[in-house]
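As a basis for the values below, the full set of heavy atoms in this structure was taken, side chains included, without hydrogen atoms, waters or symmetry mates. Computed from a predicted model, the values in this text were never measured in an experiment.
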Amino acid sequence: MIEEEYGKKISQEDFRDIIDYLKKTSKWKDADFQTWRLLLKRALSSPAKDLNEFIKLEDENDGHPE
């Protein structure tokens, strides 16, 4: 579904790892719907195909998507 919608080939496990990483690093105790929407958008807009690549790209961009 992600590949079809966003043109991005990523496994469900790798995508979940990225979402879990974003949630952990956000330090939010309780994420509401808008927060999850933004986390998903951030993960989907990244060209990363796994968590290690995502972290590397985040570090290169100082945590700010381009």
Side-chain angles (χ1 to χ4, degrees):
M1 189 247 358
I2 292 171
E3 182 177 16
E4 182 180 312
E5 186 69 25
Y6 294 92
K8 177 177 177 166
K9 189 169 190 161
I10 187 170
S11 72
Q12 183 174 350
E13 182 179 354
D14 287 330
F15 185 70
R16 180 57 195 237
D17 287 345
I18 291 170
I19 295 298
D20 288 344
Y21 171 80
L22 284 170
K23 186 172 186 290
K24 178 182 172 189
T25 58
S26 73
K27 297 182 173 84
W28 293 315
K29 294 190 189 276
D30 185 25
D32 63 10
F33 173 77
Q34 291 301 322
T35 301
W36 277 110
R37 184 182 65 80
L38 293 172
L39 287 175
L40 285 171
K41 181 178 179 185
R42 187 166 167 193
L44 288 170
S45 66
S46 171
K49 301 233 187 313
D50 61 39
L51 179 57
N52 290 330
E53 184 179 5
F54 182 84
I55 292 170
K56 181 180 176 218
L57 290 170
E58 289 280 295
D59 288 345
E60 289 173 3
N61 295 320
D62 296 322
H64 301 290
E66 295 179 6

Residue list, side-chain contact (heavy atoms from CB on, under 4.5 Å) with D50, at least two apart or on another chain: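 Applying side-chain contact (heavy atoms from CB on, under 4.5 Å) to D50 gives D14, N52, E53.
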query: side-chain contact (heavy atoms from CB on, under 4.5 Å) with F15: which of L40, D20, L51?
result: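 Of the listed residues L40, D20, L51, the side-chain contact (heavy atoms from CB on, under 4.5 Å) partner of F15 is L40.
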- prompt: Any side-chain heavy-atom pair from F54 and L22 closer than 4.5 angstrom?
  reply: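 The answer is yes; the side chains approach within 4.5 Å.
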query: Is there a donor-acceptor contact under 3.5 Å from the side chain of S46 to the main chain of A43?
result: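 No: the side chain of S46 does not pair with the backbone of A43.
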query: What's the shortest heavy-atom distance between P47 and L57, and which atoms?
result: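 Taking every non-hydrogen atom into account, CG-CD1, 3.7 Å.
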- prompt: Nearest 0.5 Å, what's the CZ-CD1 distance between R42 and I18?
  reply: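 Between R42 CZ and I18 CD1, I get 11.0 Å after rounding to 0.5 Å.
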